[in-house]
Structure formats: C-alpha cells, structure tokens
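Here's the structure, in structure tokens; my notes come after.
Any value given below was found using the heavy atoms of this structure, including those in side chains, with hydrogens, waters and symmetry copies removed. All residue numbers refer to positions in the sequence shown, counting from 1.
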Amino acid sequence: MAMHGKIVTTLELKSSAEKFYKVWRSESFHVPKHASKHIQGVDVHAGDWETAGSIRIWQYTLGGKPGVFKEEVSFDDENKIIALNGLEGDVMKIYKVYKPNWKLTPKGSGCLAELTIEFEKLHP
C-alpha cells in the first residue's frame, strides 16, 4: 500500500494576505523574477492567468536539478485560498496525488500562510 497523508505548516509572511493572494492568483508570471534561483519560468498551458481550472506549467530547480510541474489551479477569493492539483511533471513521478493548498489570513501588516499538502506516493 502506498503512503498517503497530509502535511500542514504555517509561515508568517511580511506581505499582506491580499498582495500574496493576488500574485499567486493572477500574477504568478512575476514569481520567476523574484525567485529566479529556484523558479525559472511559468507558462499557461490552458486557460489564462486568472481563471479557476487553468493549467500552468512551472520550470524550477531543486537540489541543482531542473524540474517541471504541471498544475491545475482553483481559487476561493472570499477565504483567500489557492488550491493546486498536480497533473504531470517530475513531482508526479513520485506521487499519485499531490495537492498543495495555501490559506492566507491577515496578521498585522503581514499574514499567516497555511500550506497544506495532500499526497499519495506511487510506491511505499
């Protein structure tokens, strides 16, 4: 039986919840400019930058090795939740299910970003 579960962590960010949410919801094409050491590019494969159900493909480097991650995005604007569903790419060589979700909560001038990753490995 393959390993499955959920990992949850919370990060305190200097960015406001609104700003962080806006970047990841509709302006993720800016992310490679600010994190070029780890993320080299992101493209829309289907849909657009703002519509739930759109598919994005990320090019990244992890541990010195290049990788690709294809995801479907959805959003909950009222609760500031960004839900991703892994479809293809290097991560999916290890996982049958890979679903990261961000929930943003204002805190002072910044925010708390709760990251939950649901996963199921392909092999034990």
Evaluate the criterion side chain to side chain contact (heavy atoms under 4.5 Å, CB included) for residue pair W102 and L115; output intermediate values, then yes/no. CA-CA 5 Å; W102 290 98; L115 173 62; 3.8 Å; yes
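- Residues W49 and I39 are members of one and the same hydrophobic cluster, defined by side-chain heavy-atom contacts under 4.5 angstrom among Ile, Leu, Val, Met, Phe, Trp and Tyr.
- We find the CG-NE2 distance between L87 and H45 to be 9.0 Å, quoted to the nearest 0.5 Å.
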Start with the C-alpha gap between E18 and K80, add the side-chain angles, then the distance that decides, and say whether side chain to side chain contact (heavy atoms under 4.5 Å, CB included) holds. CA-CA 8 Å; E18 292 77 17; K80 303 252 183 307; 3.8 Å; yes
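- Distance CG/D90 to CD/Q59: 11.0 Å, rounded to 0.5 Å.
- Side-chain atoms of S54 come within 3.5 Å of backbone atoms of T51 as a donor-acceptor pair (strictly under, hydrogens ignored).
- Following chains of ILVMFWY side-chain contacts shorter than 4.5 Å, one can reach W24 starting from V42, so the two form part of one hydrophobic cluster.
- Residues M92 and G86 approach most closely at CE-O, 3.6 Å, considering heavy atoms.
- Remark: side-chain polar atoms of S26 are paired, donor with acceptor, to backbone N or O of K22 under 3.5 angstrom.
- Both Y60 and V23 are assigned to one and the same hydrophobic cluster, defined by single-linkage of ILVMFWY side chains at heavy-atom distances under 4.5 Å.
- Here the closest non-hydrogen pair linking N79 and K103 is O-CG, 4.2 Å.
- Just one of E71, K70, E88 meets the side-chain contact (heavy atoms from CB on, under 4.5 Å) condition when paired with I55; it is K70.
- Of all the heavy atoms in L122 and K93, the pair that sits closest is CD1-O, 3.3 Å.
- K6 NZ to T116 OG1: the interatomic distance, rounded to the nearest 0.5 Å, is 6.5 Å.
- Under a hydrophobic clustering in which Ile, Leu, Val, Met, Phe, Trp and Tyr are joined whenever their side-chain heavy atoms come within less than 4.5 Å, directly or via other members, F75 and V44 fall into the same cluster.
- You'll find the side chain of I117 reaches within 4.5 Å of the side chain of Y98, heavy atoms only.
- Separation of atoms CD (E12) and SG (C111) is listed at 9.0 Å; rounding is to 0.5 Å.
- Residues V73 and Y95 share a single hydrophobic cluster, defined by chaining ILVMFWY side chains whose heavy atoms lie under 4.5 Å apart.
- Contact detail for A17 and T105: the closest heavy-atom pair is CB-C, 4.3 Å.
- Separating the CG atom in N101 from the CG atom in L84 is a distance of 6.5 Å, to the nearest 0.5 Å.
- In this structure a side-chain-to-backbone donor-acceptor pair under 3.5 Å is missing from N85 to K99.
- Interatomic distance, T9 OG1 to E114 CD, rounded to the nearest 0.5 Å: 9.0 Å.
- A side-chain donor from one of T61 and Q40 sits under 3.5 Å from a side-chain acceptor of the other.
- Between the side chain of R56 and the main chain of F29, no donor-acceptor pair closer than 3.5 Å is present.
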